[in-house]
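Here is the naming used below: chain letters follow the sequence lines, and residue numbers restart at 1 for every chain.
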Amino acid sequence: KAGVTQTPRYLIKTRGQQVTLSCSPISGHRSVSWYQQTPGQGLQFLFEYFSETQRNKGNFPGRFSGRQFSNSRSEMNVSTLELGDSALYLCASSSGTVSSGNTIYFGEGSWLTVV
Amino acid sequence: AQSVTQLDSQVPVFEEAPVELRCNYSSSVSVYLFWYVQYPNQGLQLLLKYLSGSTLVKGINGFEAEFNKSQTSFHLRKPSVHISDTAEYFCAVSGGSNYKLTFGKGTLLTVNP
């Protein structure tokens, strides 16, 4: 079974630009969540989607948004990029809710550098 | 709210030595506990998880962890490490109304020859 696939793996953007990251979950998984990883803040939850609906959102500004398609694939978008948005963005998928103890499986991440 | 504290940010050990990576959690409800490993330039890979039942959990690559409710700990152990175990290890908690995984800051395990 293929794992969580994220594209692109690496990208460099300029301040003020926007970026879209893509995620294909494990086949059959309907829950997709996104995390941001930085050296200073560690791993922080961005949002979670289930059946095309955003179920939960972390404490990030409105510049961070996402969506999920009918085939469970997900995208996240960051508008008006700031230097502090430089991070590893990790997508994860799960067959059920995290609060019920379901395991979430991570992709290899998208490295975003804002210059 | 749930929280996780990984007591050591870095743990250097020699090859074939035993290692323990410490994790303490805080939660007012029953928890589910996880250990993930992150190799350089990669995502997170699940090592093991505790949901219920036996407090000693065995995972991949020879790792095991013990859930201790009274001490609110979930320490990760391996009796003999290899160079290839060099990576960052994250402890995480979920459960109750927590809809996300809450991670610790990570422990960088460096195995030296």
**Greatest number of heavy atom pairs closer than 4.5 Å to chain A - which of B:Ser30, B:Ser94, B:Gly104** = B:Ser94

**Item:** Closest non-hydrogen atom pair, A:Ser110 against A:Pro8
**Value:** OG-O, 2.6 Å

**Asked** For A:Thr103, is it the side chain, the backbone, both or neither that has a heavy atom under 4.5 Å from a heavy atom of chain B?
**Response** both

**Item:** Centroid-centroid under 6.0 Å between A:Phe45 and A:Tyr35 rings
**Value:** yes

**Message:** Checking side-chain polar atoms at under 3.5 Å, does B:Gln2 have a donor or acceptor matched by the opposite partner on B:Ser27?
**Reply:** yes

**Prompt:** Is it the side chain or the backbone of A:Tyr10 that comes within 4.5 Å of chain B heavy atoms, both, or neither?
**Reply:** side chain

**Message:** Report which part of A:Gln37 has an atom under 4.5 Å of a heavy atom belonging to chain B: side chain, backbone, both, or neither.
**Reply:** side chain

**Asked** If you count heavy-atom pairs under 4.5 Å between each of A:Gly101, A:Gly42, A:Gly109 and chain B, which one has the most?
**Response** A:Gly101

**Fill in**
Bottom line for B:Lys105: the part with an atom under 4.5 Å from chain A's heavy atoms is side chain

**Asked** Ring centroid separation for A:Phe47 and A:Tyr49, is it under 6.0 angstrom?
**Response** yes

**Prompt:** Which atoms of A:Ile104 come close to chain B, meaning under 4.5 Å heavy atom to heavy atom: side chain ones, backbone ones, both, or neither?
**Reply:** both

**Part of A:Arg9 lying under 4.5 Å from any heavy atom of chain B** = side chain

**Message:** Can you see whether A:Glu48 engages A:Ser31 through a side-chain donor-acceptor pair at a distance of less than 3.5 angstrom?
**Reply:** yes

**Message:** Just by distance, no angles: are the side chains of B:Gln6 and B:Thr107 close enough, under 3.5 Å, to form a donor-acceptor pair?
**Reply:** yes

**Asked** So which residues of residues 39-71 of chain B are in contact with chain A at a heavy-atom cut-off of under 4.5 Å?
**Response** B:Asn41, B:Gln42, B:Gly43, B:Leu44, B:Leu46, B:Lys49, B:Leu51

**Complete:** Within residues 58-73 of chain A, contacts to chain B at heavy-atom distances under 4.5 Å involve none

**Prompt:** Is it true that a side-chain atom of A:Ser86 and a backbone atom of A:Val114 form a donor plus acceptor pair closer than 3.5 Å?
**Reply:** yes

**Asked** Any chance the side chains of A:Ser94 and A:Asn102 put a donor and an acceptor closer than 3.5 Å?
**Response** no

